[in-house]
Structures are given as C-alpha cells and as structure tokens.
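Note: hydrogens, waters and symmetry copies are ignored here, and every other heavy atom, side chains too, is used.
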Amino acid sequence: MTPADGRIGPVLRLAPAKLNLTLAVIGQRPDGYHALHSVMVPLGLADMLSAAPWPGAVDTLHVAGRDAGPVADNLVLKAATALRRAVVSLHPLQPAPPALAFRLEKRIPVAAGLGGGSSDAAATLEIAVEAWQAEVPPAVLQAVAASVGSDVPFFLAGGAALVEGRGERVAPLPPLRGGAAPGVLLLTPAVPLPTPDVFAAYAGGARPEAPGAARSTSEHLAGELQRGIDAQTLLTRAAVLASANDLLEAAIAVLPGLRELRRGLSRLLGRPVGLAGSGPTQWVLYASEADAAAAAASVQAALGDGRLESPGGKGASVVATCIGAVPAGAAALEDRGGRYLG
Ligand code: C5P
C-alpha cells in the first residue's frame, strides 16, 4: 500500500477465527507439547487489524471491542517483535524496520478456543511484511509464526487445512464444494479457559473414553475433504465431528460446568454440540448462517430467562457465523460485524 508520494499507508487485514472440526491428540512430544491431528477451518467471524509506521521507538497497540487483556501480553506485539528480529538478522546492513502503530478491533471472544490471538499474530506478520516491504523467505516467516504460537502457522497459510505436529505442519485442504457455507452457532461462557490448563489436565489423565476414535474421525474427514465434499455432506457428519475432540474431558475437568451447559444446549437445540479447540466455546452446525442466527436468538433468550445456565453466568457470548475463508482484497476489509460470508 504505497500512496503516490511514496509513503507507506496503513495496512489492514481481517483475522478470522477458526474451528477445529476434529482435534485428535496423538501423543506427547519431547518438547512438552502434544502432537495433534486436526482438521481446521477458518470462520467468517473475524478481528480486524490495521497498522501504519510511526516515528516512535517501539510498536504500539490500541485495542477496541472486546477486552483482550494486558496489551504487553498481546500476540500482535510479540509477533511484530519476532519478525523484526528475523528481518534484522536476514538483512544486517539495512536499517531496522520502523516501529508500527497497530489498531485491533477485537470481535473474536478471547481465550475461547477460537484462535483469535493466534490469528491476530498471523495477520500481524502479513501486515508487517507489507508495511516494511521486507524480503522474508516463506520458510523464515513460517518459523517465526510457529515461534509465536502453535496455531499461528495455520492462520498464516489461510484456508481449511489438516494440521499436524504441534501445529507447524499445515497441509491445505480444498474448500467445501458448492452450496451455501454451513452456519455455526458459537456459545462462549464468560470464563476464559487457558489452553495450557486444558493440556495439563489431559496429560494428568483426563482422557476420552474411546481412545483413538477422534483420530480415525479426523483421518476420515481429512480424506473426504481432500477428495472434495459439499456442505450438506459435512452437516451429516455433525454428530461424529462433535465427539471428535480429545480435549473434551480435560476441558470439563478444568471447568466442570461445561458438562451441564452441553446437556442444556443439546436439549434446547436438538443438535450435536462440539467443543471448539481447548474450549470453553461450544459449537453447533447449521445449514446456513441465517439458521445459526435464529438458533442464536433462542440461546440468548434461554440464557436470559434461566432455562440455560452457562459457567460464569449471563456474560456468555453468543455468535452466529459461518464456515469459510476470508478472501484477501479490499472487499474483505469492509466491516461486516463478524457475519462475513467468505
Ligand atoms: O503454542 P501455544 O502458546 O499456543 O500453546 C499454549 C500451550 O498449550 C502450550 O504451552 C502447551 O501447554 C499447550 N499445547 C500443547 N500442545 C500443542 C499446542 C499447545 O501441549 N500442540
């Protein structure tokens, strides 16, 4: 984005949430992380990040929308710092890239299992490369992404993918064929569930009743997507996908109220309820975003009148969105309030 006078203008990106349609834990690695097999898709719900070079000495970040916690801990600043370090070591004779002033419009619930912070980090890397007009080989960018967080390489690749290893092995999958994008209802309790706590509970023995089931579902789905399936076929798999998350028992061990919430949601909606990543967000699939929005209204009403109880009380967030990549380009930067159809 270089205006006519040669200055670099503001650079913008949408940073989509993600859904793990499957999440199988394959084992524990020597580095303490867990090896995964997970089919991940981006969602229409997205944060918006922009940045412009500024004459200050350090990068700055202003966050609007949802509370994302202390700015100093934000992955946007960590990703910018990690990339600057990489650029300086790639091009030691050139001046260090200038400081950037970031503005983040936060719409994705925080510490919710939806990958919002990691997506912001991936968007930061793309923005910084553009704003600095830096030459960074793809392998270096991927290594920087993995160093910032396990989900960041998935977001950097963009689109649906089979994710393996700790998260650094990302094999793109084709998008769903034809038809409307499936709708997704997301219910996020007003209690953050830190990912390390959930993996620690898993390592401590909170394991699925049927070991290996999530992995075989995950391998089957990855194969189907590779060959090409439509949205309708994916919807017929909702029940098996909703049970294909090896972190479910661990998430419930850390936040026991999730079990009752899941029962209440499936009674209310009559559909399978899945856990998003390490939680605490619950997801339910629909044929369209409009159907998900209708269900979201009934979930809001049930939370309001006490028919549905969520851990953390009434501050739960209810969002209707859809499965779908956010396309690159100016049109994607319009504010569509988290209901963007990719
Ligand atoms: O990489 P990231 O900082 O997102 O991971 C957060 C935590 O989740 C890690 O510190 C680790 O405890 C756990 N984790 C894991 N295996 C993974 C990803 C995350 O054990 N594949």
Side-chain angles (χ1 to χ4, degrees), residues 17-23 25 34 38 43 45 47 65-70 73 106-119 151 184-209 214 238-239 241-286 292-293 295-321 338:
K18 56 87 177 159
L19 200 61
N20 303 79
L21 290 175
T22 59
L23 202 178
V25 181
H34 292 79
S38 180
L43 298 178
L45 173 67
D47 292 341
R66 293 178 185 276
D67 181 3
D73 296 340
K106 193 81 202 148
R107 301 191 198 119
I108 304 171
V110 176
L114 296 169
S118 302
S119 188
D151 284 338
V184 186
L185 164 76
L186 301 171
L187 167 56
T188 308
V191 187
L193 193 49
T195 302
D197 295 3
V198 177
F199 274 106
Y202 179 92
R207 302 282 169 101
E209 274 169 27
L241 299 180
S243 62
N245 185 334
D246 278 339
L247 294 179
L248 178 58
E249 287 307 318
I252 290 172
V254 181
L255 190 58
L258 283 182
R259 201 185 293 282
E260 190 47 41
L261 173 65
R262 290 166 56 77
R263 275 201 208 105
L265 256 186
S266 80
R267 253 196 319 264
L268 181 72
L269 301 174
R271 285 179 179 252
V273 177
L275 174 77
S278 58
T281 301
Q282 307 296 316
W283 58 260
V284 183
L285 293 184
Y286 285 89
S298 70
V299 169
Q300 283 283 20
L303 286 169
D305 64 21
R307 277 175 296 137
L308 186 64
E309 276 191 33
S310 175
K314 286 188 181 169
S317 143
V318 185
V319 174
T321 183

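The structure places OG of S310 at 5.0 Å from CG of L261, a figure rounded to the nearest 0.5 Å. Between atom OG of residue S278 and atom CG of residue L23 there is a gap of 8.0 Å, rounded to the nearest 0.5 Å.
Residues forming a side-chain hydrogen bond (donor to acceptor under 3.5 Å, both in side chains) with D305 (at least two apart in sequence, or on another chain): R307. Partners of R267 by side-chain hydrogen bond (donor to acceptor under 3.5 Å, both in side chains), not counting sequence neighbours: none found. Legend: residues meeting ring-ring contact (aromatic ring centres under 6.0 Å, His included) with Y286, ordered by chain and number and at least two apart, are absent. Applying the side-chain contact (heavy atoms from CB on, under 4.5 Å) criterion to L248, with sequence neighbours excluded, gives I252, R262, L275. Partners of S118 according to the side-chain hydrogen bond (donor to acceptor under 3.5 Å, both in side chains) rule, which considers only residues two or more places apart in sequence or in another chain, do not exist here. Remark: R271 engages no residue in a side-chain hydrogen bond (donor to acceptor under 3.5 Å, both in side chains) (not counting sequence neighbours).
Under the 30°/60° scheme for interplanar angles, the aromatic rings of Y202 and H34 are found to stand perpendicular.
Contact of the L187 side chain with the W283 side chain is not registered, since no non-hydrogen atoms from C-beta on lie closer than 4.5 Å.
A salt bridge is defined here as a Lys NZ or Arg NE, NH1 or NH2 lying under 4.0 Å from an Asp or Glu carboxylate O, and E309 with R263 fails to meet this definition. Contact check on R107 versus D47 returns no salt bridge, with no Lys/Arg side-chain nitrogen under 4.0 Å from an Asp/Glu carboxylate oxygen.
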Query raised in the report: Under the side chain to side chain contact (heavy atoms under 4.5 Å, CB included) criterion, do L308 and L265 qualify, and how do the steps go?
Result: CA-CA 7 Å; L308 186 64; L265 256 186; 4.1 Å; yes
Requested in this report: Output, in order, the C-alpha distance, side-chain angles, deciding distance and verdict of side chain to side chain contact (heavy atoms under 4.5 Å, CB included) for V110 and D67.
Outcome: CA-CA 8 Å; V110 176; D67 181 3; over 6 Å; no
Query raised in the report: Could you walk me through whether L186 and L43 pass the side chain to side chain contact (heavy atoms under 4.5 Å, CB included) check?
Result: CA-CA 11 Å; L186 301 171; L43 298 178; 4.1 Å; yes
